[in-house]
Amino acid sequence: MSDRPAVRRSNFLTDIIDADLAAGRHSRVVTRFPPEPNGYLHIGHAKSIALNFGLAQQYGGVCHLRMDDTNPVTEDTDYVESIQFDVKWLGGQWDGEVRYASNYFGKMYELAEALVLAGKAYVDHQTVEEIRKNRGDFNTAGVNSPFRDRSVQENLDWLRRMKAGELADGTCVLRAKIDMASPNLLMRDPLVYRIRHAHHHRTGDTWCIYPMYDYAHPLEDALEGITHSICTLEFETNRELYDWFLDQTGPWTPRPRQYEFARLALGYTVMSKRKLLQLVVEKRVSGWDDPRMPTVAGMRRRGVTPEALRDFADLIGVAKNNSMVDIGKLEYCIRQDLERTSRRALAVLKPLAVTLTNWPDSTIEQLTVPWWPGDASKGTRQVPFAKHLIIEHGDFAEEPAADWKRLAPGREVRLYGAYFVKCFGVDRDPLTKEINGLRCSVDLHTKGGTAPDGRQPAATLHWVAAKTALTADVRLYDRLFAVEQPDADGDFLQHLNPDSLTVLQARLEPALASAAPGDSFQFVRQGFFVADAKDSQPGAPVWNRTITLRDTWAKPAAPAKPAARPAAEVRAKPAAPQLGEGHQARLDWLEKHPEAKELCTQLGAEPSAFAAFAQNPADLEFLRQAIAGGARPADAFRWQRNELAGLLAARKTTTPPFGGKEFAAFVRLVTDATITTGAAKQLLEHWCEHGGDPLALVDHLGLRRVDDTAAIQVAVRQVMDQHSAEVLRFRAGEAKLLGVLLGAAMRAAKGADPQTVRATLLQQLGE
RNA sequence: AGGGGGAUCGUCUAAUGGCAGGACCGCAGACUCUGAAUCUGCUUAUCAAGGUUCGAAUCCUUGUCCCCCUGCCA
């Protein structure tokens, strides 16, 4: 995607892909970016684009660009164009042609008929309200539709009439027959097709029924051979349905899997399409590409580069945490890129006239100034210097503060690329008394900015010559919203930043007249500016400020930092264990189950914790069998609860691949000291994965306990030799390195007792 | 209430039972023809309580807090 050295990104998705590749589930990675063509792409999409295209690139796979155009009433060809443009601009290179969900309408319909034939879908004539009402809610199961048990033939007839256009919008829908009592509301007979007599931007009037997202999306993925279907967190609940539809229509090779990551939330802006649209419609901004908008088009016009956006995506990473990204990170990426790519130019935003009293009236000197500071080889331009100059109003103070470095009465400064000047007089408007001009002298021996005597002024100022300076519109943009979370409460519009746009008539050095639309410059000491691509005229660019320079001196614009959490408040939190109502309920449960209670007493287990465990009948029975099999009760309980449970959870199951009796044999291995605890964990993991006989596995895996102290000493010695640096540091006082050394020693002295190894290590370390 | 997710410096994110790391921000200094950039250094974190383990951010238990799900949108 870019020519930068490929960085190895590591996140939960690369972990999954690594595992898939290692296990041979896929031989190559196919991802997709599936926007709905009903709006402009924004920076959140840019994150998704970087992710999907980046993952494909990182693994040598491909990424598809697919328009998810299943709802004809909101979608449009114009959006299709802008989306393609933006994706390309961001550097996304999709595999083959642009794809469209609508390309698969025929296949999707065939599969829907197959669903009906298989008795897995039915046509429902309930009204919208009835469907909603009968779906139930979080606490109550839904009720079956009266049309749920229609015959296959009847369903097929109705479906074909829907497709044939015989029915008006809303007459009926096709629903999947799943489970109206599912705790996941999406599984309560979700809609598959609805009737929409609407013109589709691609299929025209061919169809009058359109598939719903939950049905269409998995099929689009499967049909395209997508391996990893990556979407945002709010679709987690939809995954069960995604899998259901694929299971009912498959088998598919490859079989796509859906994974979810946290969408981007950025401070001082809004990201929802609805709110962005509202800003446009209500003319709070000039359009989708207003430079203050977080849209890709807006940022492009603002002067943000695709490189900056990609760097930003890399910087913020990918995870499942709901997070709010500090907008400063975006600003950092923008500055960092522009810093190394932009030419430097002189422009004065708020003018203050300067007259050089010792400069000849009519002399205009052309100074040659490099576009890149300190590197004339990359190009120079002529900058005229004359008697009447303009400097930045804010660069002069009549009564300077103690740390003031700029111009003041009696002080000398350097003019960028030109001469040293010294102020000796201030002119005022006779009426307002405001300063309207400075009288200065110029040191003619400092041409180019260096003094023969080597003196260095405290400041270097930007400037232009009054007579030759261009006058141009410069638009100063700031954050669109005044608060970090505009949509946290109430109406987000009330948080609009009234100062998000300021238009100035600025004075520019003449060379800037030839800037092409889209050209970026750093206006020295001001910020990065781009010639607007829309409003610039040939020879007369209009400028947008992309971003200011970082300013560590005067920081009025810096947002107040949220105060650090007061430590006292943290400590004030009650340290006492909080026992919820579940605690008492579990104790009550134990009272009602004397057998379990007796077992609990026998184990010496904490009653509430044991009850929580014992409330699962399968787990309790497993434990009973283990005890019956001869395992010491407390050990059986501990190993089952602390170790086995975790291993099973990691394998997404609850039933172990062996019975309680076999488990007892395993537990006895530890109790009778045939193997150490550490070895037992290894054994258990292997056993869960591959099955077999635990006793045989002990020798097969070489886990039998080793008590040979001589062998342990050799192993420890070896480890110390291999980790001499750590040993040195440990001896120098870094006690935490004992863990590293001990870990290595444990692995070397396989099967040895940890205490013995530890003692041996400590002893040798002390020598 | 039910279901699905999540909790690590102020912010974002690593560490897959063995040295809590990086980046942004901030602070201090150096350098500077941009109070920028660059360079150097520094401050700051495992939601809580128990348990398992030689060793826990990581495994187990119980809590706490946050997000998502009841469109014929995607």
Side-chain angles (χ1 to χ4, degrees), chain A residues 10-11 15 36 38 68 70-71 74 128 131-132 135-140 142 169-170 173 182-186 188 191 193-196 212-213 217 233-240 260 262 267 315-326 328-329 332 335 339-340 344 373-374 403 405-406 414 416-417 448-450 456-457 459-462 522 524-526 549-554 561-565 573-580 582-583 606 608-609 612-613 638 641-643 645-647 677-678 681 726 729 734 736-744 746 754-755 757-758:
Chain A
S10 164
N11 55 53
D15 290 348
E36 183 188 13
N38 70 343
D68 207 3
T70 58
N71 185 359
T74 56
V128 182
I131 288 178
R132 187 174 14 245
R135 187 147 36 216
D137 58 32
F138 297 139
N139 311 313
T140 32
D169 287 7
V173 292
S182 170
N184 180 353
L185 264 41
L186 285 172
R188 319 245 261 225
L191 273 60
Y193 267 97
R194 79 283 215 190
I195 304 171
R196 279 270 187 288
M212 301 290 292
Y213 168 85
H217 208 89
L233 245 32
E234 66 269 25
F235 289 98
E236 279 170 332
T237 318
N238 300 61
R239 190 177 55 236
E240 191 180 0
E260 309 88 14
L315 183 70
I316 61 176
V318 178
K320 300 192 75 153
N321 303 340
N322 284 301
S323 53
M324 167 73 67
V325 175
D326 181 356
K329 289 186 174 59
Y332 167 79
R335 286 193 186 102
E339 168 68 30
R340 60 186 177 85
R344 311 298 145 114
D403 58 350
K405 292 162 106 177
R406 282 112 95 150
R414 170 165 41 222
Y416 189 96
T450 44
Q456 294 284 351
T460 300
L461 307 186
H462 56 283
Q522 183 192 119
V524 172
R525 303 210 304 131
Q526 297 283 2
L549 255 29
R550 197 160 155 269
D551 188 351
T552 51
W553 180 67
K561 274 276 160 200
R565 235 179 327 173
K573 272 193 159 179
Q578 300 184 12
L579 302 174
H583 178 74
E606 199 275 308
S608 173
F613 165 85
R638 185 172 77 65
R641 201 177 76 133
N642 283 350
E643 305 298 336
L647 289 171
T677 356
K681 284 185 194 178
E726 281 82 6
R729 284 169 60 200
E734 286 191 66
K736 64 184 174 184
L737 288 173
L738 182 63
V740 178
L741 295 169
L742 184 53
M746 292 293 299
Q755 299 289 12
V757 176
R758 187 190 167 93

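Every chain is numbered from 1, with letters handed out A, B, ... down the list of sequences.
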For the [atom1] atoms, the ones on [N] and on [M], what distance do you get once it is rounded to whole angstrom?
N	M	atom1	value
rA15(B)	rA7(B)	P	12 Å
rU44(B)	rC24(B)	C1'	14 Å
rU58(B)	rA20(B)	P	14 Å
rC69(B)	rA37(B)	P	41 Å

Heavy-atom pair of closest approach, residues [X] and [Y]:
X	Y	answer
L549(A)	Q522(A)	CD2-OE1, 3.8 Å
G449(A)	R414(A)	O-NH1, 2.7 Å
L737(A)	E726(A)	CD1-O, 3.8 Å

Heavy atoms only, 4.0 Å cut-off, all strands: where does [X] land among base, sugar-phosphate and nothing?
X	answer
P373(A)	base
V757(A)	nothing
D137(A)	base
T70(A)	sugar-phosphate
D403(A)	base
G267(A)	nothing
G678(A)	nothing
N38(A)	nothing

Can you tell which of [options] lies closest to the side chain of [X]?
X	options	result
R132(A)	rU52(B), rG71(B), rC54(B)	rG71(B)
A609(A)	rG35(B), rC12(B), rU61(B)	rU61(B)
N139(A)	rA74(B), rA1(B), rU61(B)	rA1(B)
F138(A)	rA15(B), rU61(B), rG2(B)	rG2(B)
R135(A)	rC60(B), rA14(B), rG71(B)	rG71(B)
S323(A)	rA74(B), rU13(B), rG51(B)	rU13(B)
T677(A)	rG51(B), rC54(B), rC73(B)	rC54(B)
L185(A)	rU70(B), rU13(B), rA1(B)	rU70(B)

Please give, in whole Å, the distance from [N] [atom2] to [X] [atom1]?
X	N	atom1	atom2	answer
N238(A)	rU70(B)	CG	C1'	13 Å
F235(A)	rG3(B)	CZ	C1'	18 Å
N11(A)	rC12(B)	CG	P	17 Å
D551(A)	rG35(B)	CG	P	9 Å
E606(A)	rA49(B)	CD	C1'	12 Å
L549(A)	rA36(B)	CG	P	8 Å
L647(A)	rU52(B)	CG	C1'	13 Å
W553(A)	rA28(B)	CH2	P	15 Å

Quick one: look up who [N] pairs with, Watson-Crick or G-U, both distances under 3.5 Å, and put none if it's unpaired.
N	result
rC42(B)	rG26(B)
rC72(B)	none
rC47(B)	rG63(B)
rG55(B)	none
rC19(B)	none

Could you say whether E36(A) or E234(A) is positioned toward the 5' end of RNA chain B, judged by the nucleotide with the nearest heavy atom to each?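 Upstream on the strand: E234(A).
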If you pin T450(A) and I131(A) to their nearest nucleotides in RNA chain B, which one's is more 5'? T450(A)
Is the glycosidic torsion of rG63(B) within 90° of 0, making it syn, or is it anti? anti
[X] side chain near [N] phosphate (N/O to OP1/OP2, under 4.0 Å):
X	N	answer
R196(A)	rC73(B)	yes
R335(A)	rA37(B)	no
R194(A)	rC73(B)	yes

Which protein N or O atoms sit under 3.5 Å from an N or O of nucleotides 4-8 of chain B?
{"from": "rG5(B)", "atom 1": "O2'", "to": "E236(A)", "atom 2": "OE1", "distance (Å)": "3.3"}
{"from": "rG5(B)", "atom 1": "O2'", "to": "E236(A)", "atom 2": "OE2", "distance (Å)": "2.6"}
{"from": "rG6(B)", "atom 1": "O3'", "to": "N321(A)", "atom 2": "OD1", "distance (Å)": "2.9"}
{"from": "rG6(B)", "atom 1": "O2'", "to": "N321(A)", "atom 2": "OD1", "distance (Å)": "3.4"}
{"from": "rA7(B)", "atom 1": "OP1", "to": "N321(A)", "atom 2": "OD1", "distance (Å)": "3.2"}

Tell me if a side-chain donor or acceptor on [X] pairs with a main-chain N or O of [Y] at a distance below 3.5 Å.
X	Y	answer
R550(A)	Y332(A)	no
N321(A)	A262(A)	no
R188(A)	S182(A)	yes

Within this structure, what is the NE2-CG distance for the pair H217(A) and N238(A), rounded to the nearest 0.5 Å? 10.0 Å
Show each protein N/O and nucleotides 17-24 of chain B N/O combination with a separation under 3.5 Å, one pair to a line.
{"from": "rG17(B)", "atom 1": "O6", "to": "K681(A)", "atom 2": "NZ", "distance (Å)": "2.4"}
{"from": "rG18(B)", "atom 1": "N3", "to": "G739(A)", "atom 2": "O", "distance (Å)": "2.7"}
{"from": "rC19(B)", "atom 1": "O2", "to": "R729(A)", "atom 2": "NH2", "distance (Å)": "2.4"}
{"from": "rC19(B)", "atom 1": "N3", "to": "R729(A)", "atom 2": "NH1", "distance (Å)": "3.1"}
{"from": "rA20(B)", "atom 1": "OP1", "to": "K736(A)", "atom 2": "NZ", "distance (Å)": "3.4"}
{"from": "rC24(B)", "atom 1": "OP1", "to": "Y332(A)", "atom 2": "OH", "distance (Å)": "3.1"}

Do R550(A) and rG35(B) have a side chain to base donor-acceptor pair shorter than 3.5 Å? no
